Amino acid sequence: MNTVTVSPKYQVVIPKNIREALQLRPGQKMKVIEYDGRIELIPDRDISELRGFLKGINTDFIREGDRL
């Protein structure tokens, strides 16, 4: 687990191993959420980056009657 320090301007630096694992870029926007007493940062992804992220998902199930 990594530890970061909050600066006097309330800024934190995301550790390099996390930036590389999530392929974060300078200037990239992130969603910030307070959830159950913690802060979560969720990277905004360009729609083109999401292509294929559900590859291999199991779609073999019975749908409800009002669905296609």
Side-chain angles (χ1 to χ4, degrees):
M1 182 179 294
N2 296 299
T3 302
V4 298
T5 303
V6 178
S7 78
K9 291 184 175 184
Y10 299 96
Q11 297 171 331
V12 295
V13 175
I14 300 170
K16 184 177 182 180
N17 62 327
I18 305 290
R19 294 190 315 257
E20 289 175 347
L22 295 176
Q23 300 175 354
L24 298 178
R25 302 174 311 276
Q28 182 174 358
K29 302 229 182 244
M30 302 188 81
K31 303 273 192 251
V32 180
I33 300 171
E34 182 276 326
Y35 178 75
D36 199 23
R38 64 180 184 252
I39 299 169
E40 295 189 10
L41 300 172
I42 304 167
D44 264 354
R45 300 285 184 197
D46 188 64
I47 193 71
S48 63
E49 293 179 46
L50 298 176
R51 182 181 176 109
F53 86 102
L54 293 176
K55 186 175 183 176
I57 193 170
N58 181 10
T59 59
D60 188 31
F61 56 89
I62 298 172
R63 295 185 182 268
E64 298 174 6
D66 63 340
R67 305 291 179 213
L68 294 175

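No experiment lies behind these values; they were computed from the predicted model shown.
A 6.0 Å sphere centred on OH of Tyr10 holds no more than 12 heavy atoms belonging to other residues, nucleotides or ligands. The 12-atom threshold is exceeded at CD1 of Ile42, counting heavy atoms of other residues, nucleotides or ligands nearer than 6.0 Å.
Under the 4.5 Å side-chain heavy-atom criterion for Ile, Leu, Val, Met, Phe, Trp and Tyr, Val13 and Ile39 are members of distinct hydrophobic clusters. Hydrophobic clustering places Met30 together with Ile18 (ILVMFWY residues linked when any side-chain heavy atoms are closer than 4.5 Å, directly or through intermediates). In the hydrophobic clustering of ILVMFWY residues, with side-chain heavy atoms under 4.5 Å counting as a link, Val6 and Leu41 come out apart. A continuous path of Ile, Leu, Val, Met, Phe, Trp and Tyr side chains, each step under 4.5 Å between heavy atoms, connects Ile14 with Leu22, placing both in one hydrophobic cluster.
Under a 3.5 Å cut-off, the side chain of Glu34 and the backbone N or O of Gly37 do form a donor-acceptor pair.
The CD atom of Gln23 sits 9.5 Å away from atom CD of Gln28, with the distance rounded to the nearest 0.5 Å.
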